[in-house]
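Here the structure is laid out as structure tokens; the discussion comes afterwards.
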Amino acid sequence: MSDTEKDQRFITGSASVELSANRTSLSFERTRMSADRTLMSVVRTSLSLISFGFTIFEAFRQLQHTDLLPEGGSAPKNMGMALVVLGVTLLVMGILSHMHFGRSLNERRARLFSWQLMHNDIQYHATPTFIIAFLLLVVGVVAMIFMVGRTLL
């Protein structure tokens, strides 16, 4: 194998640059996985807030309908609604933050690829966590609509 053929195996012909490119590529993967873990924690917190708020709302509504609690006390219902709204708001903020960070990461990776400091220009797409976050957002919005409808009845 000639020196030219050996040099073509590497990005710029240098083993040290090749090792650095591999480390950089792996650091991008670790960063992407870290962003996904952050979104998972936002999803867990939002799920807790939405489900707890909905449970409080429904439990007190049922207690009032069975005359175990006097009518007119709307504080528990308001608290339940506030928790659901807070959970949905947190989820929207987490999704938007994750999308912004993903775009930024793609731009940085593309820039390094254009400078030939990385082998390939991988574009990150929606992960299962991201899809589940959107589905939970739909569930939260439906819960809010249900709660508003029940309050008006």
Side-chain angles (χ1 to χ4, degrees), residues 10-12 17-153:
F10 302 122
I11 293 175
T12 61
V17 172
E18 177 72 15
L19 291 172
S20 177
N22 285 336
R23 282 192 303 268
T24 302
S25 180
L26 290 173
S27 74
F28 271 95
E29 291 299 315
R30 285 190 297 271
T31 303
R32 185 189 59 78
M33 288 187 287
S34 176
D36 233 21
R37 283 190 301 273
T38 301
L39 183 59
M40 279 190 262
S41 65
V42 168
V43 167
R44 282 190 301 269
T45 304
S46 296
L47 178 61
S48 297
L49 287 168
I50 291 168
S51 61
F52 192 57
F54 187 79
T55 302
I56 289 173
F57 179 88
E58 256 320 285
F60 278 93
R61 192 182 74 75
Q62 291 296 326
L63 288 173
Q64 286 177 342
H65 280 301
T66 57
D67 295 327
L68 292 174
L69 283 178
E71 288 289 331
S74 62
K77 286 183 181 180
N78 292 342
M79 179 64 172
M81 180 64 103
L83 288 174
V84 172
V85 169
L86 187 63
V88 168
T89 303
L90 175 66
L91 193 55
V92 167
M93 291 170 54
I95 288 171
L96 292 175
S97 174
H98 187 78
M99 288 170 52
H100 175 71
F101 184 77
R103 268 191 239 110
S104 172
L105 195 62
N106 279 338
E107 289 168 5
R108 281 184 255 165
R109 189 176 182 104
R111 190 170 45 249
L112 289 175
F113 176 73
S114 71
W115 294 338
Q116 295 183 341
L117 295 175
M118 295 182 72
H119 280 290
N120 49 15
D121 184 25
I122 297 172
Q123 294 294 312
Y124 297 118
H125 301 288
T127 61
T129 305
F130 193 71
I131 293 166
I132 293 298
F134 268 114
L135 293 175
L136 180 59
L137 181 60
V138 170
V139 168
V141 169
V142 168
M144 281 188 343
I145 292 169
F146 176 83
M147 292 166 77
V148 167
R150 289 288 188 158
T151 302
L152 296 176
L153 293 177

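The residues of the chain are indexed from 1 along the displayed sequence.
- Side-chain N or O atoms of Thr24 include one that pairs as donor or acceptor with a backbone N or O of Ser20 at under 3.5 Å.
- Of all heavy-atom pairs between Ser25 and Arg109, the closest is OG-NH2, 3.3 Å.
- Taking Ser51 as the reference, nothing meets the side chain to side chain contact (heavy atoms under 4.5 Å, CB included) condition, with sequence neighbours excluded.
- In this structure, Phe60 places its CZ atom where only 12 or fewer heavy-atom neighbours from other residues, nucleotides or ligands lie under 6.0 Å away.
- Between Asn106 atom CG and His125 atom NE2 the span is 8.0 Å, to the nearest 0.5 Å.
- Between the CD atom of Glu107 and the CZ atom of Arg111 there is a distance of 7.5 Å, given to the nearest 0.5 Å.
- Residues Met144 and Val85 have side chains in contact (heavy-atom distance under 4.5 Å, counting atoms from C-beta outward).
- Remark: Thr31 OG1 to Phe101 CZ distance equals 6.0 Å, nearest 0.5 Å.
- With sequence neighbours excluded, the residues satisfying side chain to side chain contact (heavy atoms under 4.5 Å, CB included) with Leu49 are Thr45, Leu83, Leu86, Leu90.
- Between Val141 and Ile145 the shortest side-chain heavy-atom distance falls below 4.5 Å.
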Could you please spell out the steps behind the side-chain contact (heavy atoms from CB on, under 4.5 Å) verdict for Ile56 and Lys77? CA-CA 7 Å; Ile56 289 173; Lys77 286 183 181 180; over 6 Å; no

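- Among residue pairs with one or both ends in residues 20-53, none qualify as ring-ring contact (aromatic ring centres under 6.0 Å, His included); sequence neighbours excluded.
- No side-chain donor-acceptor contact under 3.5 Å links Ser97 to the backbone of Met93.
- When the side chain to side chain contact (heavy atoms under 4.5 Å, CB included) test is applied to Ala133, the partners found at least two apart in sequence or on another chain are Leu39, Val43, Leu91, Ile95.
- When side chains are defined from C-beta on, Arg150 counts as touching Phe57, because their heavy atoms get closer than 4.5 Å.
- At a threshold of 4.5 Å between non-hydrogen side-chain atoms, the residues Pro76 and Gln64 do not count as touching.
- In this structure, Leu136 and Ser46 approach most closely via the heavy-atom pair CD2-CB, 4.2 Å.
- No more than 12 heavy atoms of other residues, nucleotides or ligands sit less than 6.0 Å from atom CE of Met79.
- Take Thr127 and apply the side chain to side chain contact (heavy atoms under 4.5 Å, CB included) test, not counting sequence neighbours, and it matches Arg32, Asp36, Thr129, Phe130.
- Residues that satisfy the side-chain hydrogen bond (donor to acceptor under 3.5 Å, both in side chains) test with Arg108, not counting sequence neighbours, are Ser104.
- Considering every non-hydrogen atom in both Ile50 and Val84, the closest pair reads O-CG2, 3.5 Å.
- Sequence neighbours left out, the pairs with a member in residues 50-66 that pass salt bridge (charged side-chain N to carboxylate O under 4.0 Å, His left out) are Glu58-Arg61.
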